[in-house]
2 protein chains.
Amino acid sequence: MELNKKRSDCPLSGSLDVFGDKWSLLIIRDLMFGNKCTYNDFLKSDEGIATNILASRLKGLEENGVIEKTAHPDSKAKFLYRLTPKGIDLLPMIMEIYIWSDKHYEMPAELKATIKEAKKDKDKFVKQITKELKTKMTEKKQ
Amino acid sequence: MELNKKRSDCPLSGSLDVFGDKWSLLIIRDLMFGNKCTYNDFLKSDEGIATNILASRLKGLEENGVIEKTAHPDSKAKFLYRLTPKGIDLLPMIMEIYIWSDKHYEMPAELKATIKEAKKDKDKFVKQITKELKTKMTEKKQ
DNA sequence: AAATTTGCTTGCTAAATGCAAGTACAAATA
DNA sequence: TATTTGTACTTGCATTTAGCAAGCAAATTT
């Protein structure tokens with residue numbers, strides 16, 4: 001893929017090389033909030049990602065240490081994708097995107113309420129979700 | 001361009017339609033921290049954006065209300081690009097990207113120090129930079 | 001054993017990107 | 001006044017990436 005293609009020393013540019021496209025953050029969103037964790041789960045998301053693009057993005061995110069791919073406990077045909085701690089650390093940034101979007105665009109009412117809650121104490125919200133995600137991580141291990 | 005191409009009702013997906021590519025946020029970075037404000041300034045950035053891509057990104061960001069294009073006070077041949085309030089509001093998100101990057105990658109020492117400062121009191125940092133950017137906005141008007 | 005599901009891969013086509021060159025206008029210099 | 005330089009683009013063309021449909025092997029279900 002786009003491995004080792006550092007465009008500059010800027011950390012922002014480096015970060016965009018990891019998730020700066022139209023799809024990667026949507027996969028991460030699905031892992032964070034959508035209770036999705038398999039290839040087919042991601043395929044079924046509203047945006048309609050193409051199957052080859054999904055495969056390539058999953059590979060890229062895994063190579064960059066944002067997600068990890070493990071055996072699915074229910075079936076040998078399936079894989080289970082989950083966020084690594086590095087991936088979970090993207091939560092504050094994603095939260096800020098939602099907050100920005102809330103300020104400048106229309107918003108589903110239910111999400112609006114959640115964002116309002118989150119804004120009241122960002123750190124608390126981040127810690128809470130992070131804890132939930134890390135719990136989910138460990139509970140399925142082995 | 002990719003106008004009116006809403007892929008879903010998700011605000012994250014909508015935001016990615018505005019700045020979810022490898023270049024848009026770099027232009028915004030240059031406007032926020034790089035003291036850059038003309039076409040040629042952006043062209044000269046380290047990442048080496050192609051001139052047609054730059055033109056198309058500037059157009060897209062303007063159409064989406066993130067930047068605005070005005071006459072340059074020094075020369076009729078130049079234009080001056082600047083962030084709108086909506087564009088300035090992207091600062092918290094960009095800050096979180098820097099923080100994430102700082103946690104998981106190497107970092108130029110000087111930037112590292114700035115980020116350490118910013119993390120101490122995020123709100124304060126955002127307010128300070130926002131104020132500076134808004135001042136810059138008004139001081140050149142007329 | 002046959003049909004279905006899962007996580008992909010493979011073609012093929014359309015769109016986006018990147019580079020080099022060119023254009024039109026403005027300002028500065030000779 | 002003529003020429004050169006700089007600015008903001010546009011155009012053309014080759015390369016890369018994206019998107020859709022179909023296929024495929026292994027595993028699971030019927």
Side-chain angles (χ1 to χ4, degrees), chain A residues 1-8 13 16-27 30-31 35-64 67-82 140, chain B residues 1-8 13 16-27 30-31 35-64 67-82 140:
Chain A
M1 283 274 94
E2 66 266 355
L3 270 179
N4 310 328
K5 276 189 196 170
K6 240 191 158 186
R7 292 180 290 170
S8 75
S13 145
L16 292 175
D17 290 337
V18 174
F19 55 76
D21 66 89
K22 293 251 187 294
W23 297 107
S24 296
L25 286 180
L26 298 182
I27 297 173
D30 288 349
L31 284 163
N35 254 35
K36 304 187 176 186
C37 55
T38 67
Y39 192 88
N40 243 301
D41 288 342
F42 305 133
L43 263 192
K44 278 180 279 185
S45 284
D46 284 346
E47 291 84 9
I49 188 170
T51 172
N52 57 336
I53 303 295
L54 176 56
S56 117
R57 289 303 178 276
L58 288 172
K59 195 181 164 197
L61 289 172
E62 197 192 356
E63 284 171 352
N64 283 304
I67 65 173
E68 58 185 5
K69 180 184 182 177
T70 57
H72 197 290
D74 299 348
S75 157
K76 281 178 189 168
K78 281 191 200 178
F79 291 95
L80 200 149
Y81 296 92
R82 66 158 77 101
K140 301 231 173 169
Chain B
M1 283 274 93
E2 64 267 359
L3 268 179
N4 311 326
K5 275 189 198 168
K6 240 191 158 186
R7 292 179 292 172
S8 76
S13 144
L16 292 175
D17 290 337
V18 175
F19 56 74
D21 66 89
K22 293 250 187 293
W23 297 107
S24 295
L25 286 180
L26 298 183
I27 296 171
D30 287 349
L31 284 163
N35 253 37
K36 303 189 177 185
C37 56
T38 67
Y39 192 89
N40 243 300
D41 288 342
F42 304 133
L43 263 192
K44 277 180 279 185
S45 284
D46 283 347
E47 291 82 10
I49 189 170
T51 173
N52 57 339
I53 303 295
L54 175 58
S56 116
R57 288 304 178 277
L58 287 173
K59 195 181 163 195
L61 289 172
E62 197 193 356
E63 284 171 353
N64 283 304
I67 64 172
E68 58 184 6
K69 179 185 181 178
T70 57
H72 197 290
D74 299 348
S75 157
K76 282 178 190 169
K78 280 190 199 176
F79 291 95
L80 199 149
Y81 297 91
R82 65 159 76 102
K140 301 231 173 169

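Below, chain A is the first sequence line, B the second, and so on; all start at residue 1.
Between B:Leu26 and B:Ile49 the shortest side-chain heavy-atom distance does not fall below 4.5 Å.
Applying the 4.0 Å criterion to OP1 and OP2 of C:dG18, one finds that B:Trp23 has a side-chain N or O inside that range.
For the pair A:Lys36 and A:Lys44, the tightest heavy-atom approach, listed with the atom from each and the gap, is NZ-C, 4.4 Å.
Not a single donor-acceptor pair under 3.5 Å links the side chain of A:Ser8 to the backbone N or O of B:Glu47. No donor-acceptor pair under 3.5 Å is formed between the side chain of B:Tyr39 and the backbone N or O of B:Tyr81. Between the side chain of B:Lys22 and the backbone N or O of A:Gly20, at least one donor-acceptor pair lies under 3.5 Å.
When rounded to the nearest whole Å, the span between CG of B:Asn52 and C1' of D:dT10 equals 9 Å. A straight line from CZ of A:Arg57 to P of C:dG7 spans 19 Å, rounded to a whole angstrom. Atom-to-atom, CZ of B:Phe79 to P of C:dA24 comes out at 16 Å; the value is rounded to the nearest Å. Atom-to-atom, CD of A:Glu62 to P of C:dG7 comes out at 14 Å; the value is rounded to the nearest Å. The interatomic distance linking B:Lys78 (NZ) with D:dC9 (P) rounds to 13 Å, in whole Å. Between B:Tyr81 atom OH and D:dA8 atom C1' there is a gap of 7 Å when expressed in whole angstrom units. Between the CG atom of B:Asp17 and the P atom of C:dA16 there is a distance of 12 Å, given to the nearest Å. At whole-Å resolution of the value, OH in B:Tyr39 and P in C:dC25 are 17 Å apart.
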Step by step, work out the side chain to side chain contact (heavy atoms under 4.5 Å, CB included) result for A:Leu31 and A:Ile67.
CA-CA 9 Å; A:Leu31 284 163; A:Ile67 65 173; 3.7 Å; yes
Could you go through the side chain to side chain contact (heavy atoms under 4.5 Å, CB included) check for A:Asn40 and A:Leu43 one step at a time?
CA-CA 5 Å; A:Asn40 243 301; A:Leu43 263 192; 4.2 Å; yes
I'd like to know whether B:Leu54 forms a side chain to side chain contact (heavy atoms under 4.5 Å, CB included) with B:Ile27, so could you lay out the CA-CA distance, the side-chain angles of the two residues, the decisive distance to 0.1 Å, and finally the verdict.
CA-CA 9 Å; B:Leu54 175 58; B:Ile27 296 171; 3.7 Å; yes
Step-by-step side chain to side chain contact (heavy atoms under 4.5 Å, CB included) determination, B:Trp23 to A:Arg7
CA-CA 11 Å; B:Trp23 297 107; A:Arg7 292 180 290 170; 3.7 Å; yes
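Relative to the side chain of A:Thr51, the nucleotides C:dT17, D:dT10, C:dT9 differ in distance, and C:dT9 lies closest. You'll find that the side chain of B:Ala55 is closest to D:dT10, out of D:dT10, C:dT9, D:dA27.
Map B:Asn40 and A:Lys76 each onto its nearest nucleotide of DNA chain D; the residue landing nearer the 5' end is B:Asn40.
Non-hydrogen atoms lying under 4.0 Å from DNA chain C are contributed by nothing in residues 41-49 of chain B.
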Write out a two-atom table: protein N or O, nucleotide N or O from nucleotides 28-30 of chain C, distance below 3.5 Å.
none

